[in-house]
Amino acid sequence: MKLGILGAGTIAHTMADTVRRMQASGRKEVELYAVAARDTARAQAFAEQFGMPRAYGSYEAMLQDPAVDFVYIATPHSHHYRHMKLCADHGKHILCEKPFTVNVRQADDAIRYAKSKGLLVAEAIWTRYQPMRRIIRETLDSGIIGTPQLLTANLGYAMLDKPRIVAPELAGGALLDVGVYALNFAEMFFGHPDAVQGSCTKYKTGVDLTDSITLTWEDGRAAHLTAAANVYTDRHGVLFGTKGYLVVKNINNPQSLKVFDTDHRLVKEIDCPPQLTGYEYEVLEAAECIETGLLECPSMPHRETVHLMELMDYLRAQMGIHYPCEDVDL
């Protein structure tokens, strides 16, 4: 199955490196085939770096190549919706980098549009696909920390030098870029909340700089989440229970979990299984779903993508964050 990468930025490089490593390790389900950038020279340099047979100087040119089976969208947040519909118009299956779109209206429409053409469309939120998700879930279900009642998670990087982070027209800010990981972490283990509250500080361009989010459940559970675009955080996720607590190292790509008892003694530790980059799981699941005729990925079904976009819309309304690209008619 031949993969085309739409966009040639940093995350596109990571995906290309992932698929190249997959091929080198003997995984032949996906072939690193083509890349499209906004100019031919950039695309050719990318293709040469990763040994790709095709390079295109426009997105449309790559999508017109009948050999391309599915496309990984690696463009700025603001362009995901338009590029998903463009891929669907050319009959290409879609794996779109997170956040899926900038709001729930776009998410609903993109999913409906792809479905109407019989195409898979999936959000590439890699933590949903990784085996550590199952390992953390099984550890919690074992009862080792008792009943989980409180969760904390944070993710932050110093990113103000990146135009896509500070520009409202590119749907910048902390929430859609890193806050989405904290929200996904909370919901993977606590489910959908009953109430949500959010506040932020703002950068001079008007995007959210730091986010403070509280999720609560009617049964008394709570999650306190922090996201930041101006500082590095420890990236930890912690689940607190009635018999101890579980610490996850790096919610953006979990590398280990440690369980402590009520006396704060380490009682269990599990490292992440060996991985190429961590992106391979979403690629393999998308390819398998395409082969079997599924239009969504079980690890990140459409209902979850739509729910998370709806949740972030609600938070942005509380924070007073609006993007110019939201004003375009669907």
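FYI, the numbering just counts along the sequence from 1.
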Check: [Y] and [X] side chains under 4.5 Å, non-hydrogen atoms:
X	Y	result
Asp89	Tyr113	yes
Pro168	Pro324	yes
Tyr33	Leu3	no
Glu304	Glu187	yes
Leu140	Phe189	yes
Val247	Phe260	yes
Asp69	Lys2	yes
Leu246	Ile144	no

Nearest non-hydrogen partners of [X] and [Y], listed with the distance:
X	Y	answer
Lys92	Val68	NZ-O, 2.9 Å
Met84	Ala110	CE-CB, 4.0 Å
Gly7	Ala12	O-CB, 3.3 Å
Leu32	Ala16	CD2-O, 3.4 Å
Leu225	Ala182	CD1-O, 3.7 Å
Cys87	Ile73	SG-CD1, 4.1 Å

Determine, using the 4.5 Å side-chain heavy-atom cutoff (strictly less than), whether [X] and [Y] are members of one ILVMFWY cluster.
X	Y	value
Ile165	Val231	no
Met319	Met309	yes
Leu295	Ile125	no
Leu119	Met62	no
Tyr245	Leu239	no

Does [X] use its side chain to pair, donor to acceptor, with the backbone of [Y] at less than 3.5 Å?
X	Y	answer
Glu31	Lys28	no
Glu97	Ile11	no
His93	Leu120	yes
Arg27	Leu284	no
Trp126	Asn252	yes
Asp211	Cys200	no
Glu310	Val104	no
Asp261	Asp263	yes
His77	Ala171	yes
Thr205	Val166	yes

For the [atom1] atom on [X], are there more than 12 heavy atoms of other groups (residues, nucleotides or ligands in this structure) within a distance under 6.0 Å?
X	atom1	result
Lys202	NZ	yes
Gln255	CD	yes
Lys117	NZ	yes
Arg112	CZ	yes
Lys204	NZ	no
Glu138	CD	yes
Glu269	CD	yes
Lys258	NZ	no

[atom1]-[atom2] distance between [X] and [Y], expressed to the nearest 0.5 angstrom:
X	Y	atom1	atom2	result
Cys289	Glu296	SG	CD	8.5 Å
Arg221	Leu215	CZ	CG	10.5 Å
Met188	Ser299	CE	OG	10.5 Å
Ser256	Met132	OG	CE	6.5 Å
His79	Leu6	NE2	CG	10.5 Å
Met300	Glu285	CE	CD	11.5 Å

Do the side chains of [X] and [Y] get close enough for a salt bridge, i.e. N-O under 4.0 angstrom?
X	Y	result
Asp177	Arg164	yes
Asp141	Arg137	yes
Asp208	Arg316	no
Asp17	Arg21	yes
Glu123	Arg128	no

Determine the interplanar angle of the [X] and [Y] rings, folded into 0 to 90°, and report it as parallel if under 30°, tilted if 30 to 60°, perpendicular if over 60°.
X	Y	answer
Phe46	Phe50	tilted
His83	Tyr59	perpendicular
His192	His307	parallel

Working for side-chain contact (heavy atoms from CB on, under 4.5 Å), residues Thr152 and Phe240: CA-CA 8 Å; Thr152 63; Phe240 301 91; 3.8 Å; yes
Donor-acceptor pair between Asn154 and Thr233 side chains, under 3.5 angstrom: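 Short answer, yes.
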Thr201 side chain to Thr210 side chain, donor-acceptor N/O pair below 3.5 angstrom: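 The criterion, which ignores hydrogens and geometry beyond distance, is satisfied for Thr210 and Thr201.
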Aromatic ring proximity, centroids under 6.0 angstrom, Tyr181 and Phe185: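 No - the distance between ring centres of Phe185 and Tyr181 does not fall below the 6.0 Å cut-off.
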Derivation of the side-chain contact (heavy atoms from CB on, under 4.5 Å) call for Gln149 and Trp217: CA-CA 10 Å; Gln149 294 285 355; Trp217 286 259; over 6 Å; no
Pair Leu315-Leu183, side-chain contact (heavy atoms from CB on, under 4.5 Å): steps then yes or no: CA-CA 11 Å; Leu315 285 165; Leu183 288 167; 4.1 Å; yes
Residue of the set Val121, Leu308, Val180, Leu176 for which side-chain contact (heavy atoms from CB on, under 4.5 Å) holds with Phe100: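 That would be Val121; it is the only one of Val121, Leu308, Val180, Leu176 passing the side-chain contact (heavy atoms from CB on, under 4.5 Å) with Phe100.
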Stepwise side-chain contact (heavy atoms from CB on, under 4.5 Å) check, Lys85 with Asp109: CA-CA 9 Å; Lys85 295 194 77 171; Asp109 192 62; 3.0 Å; yes
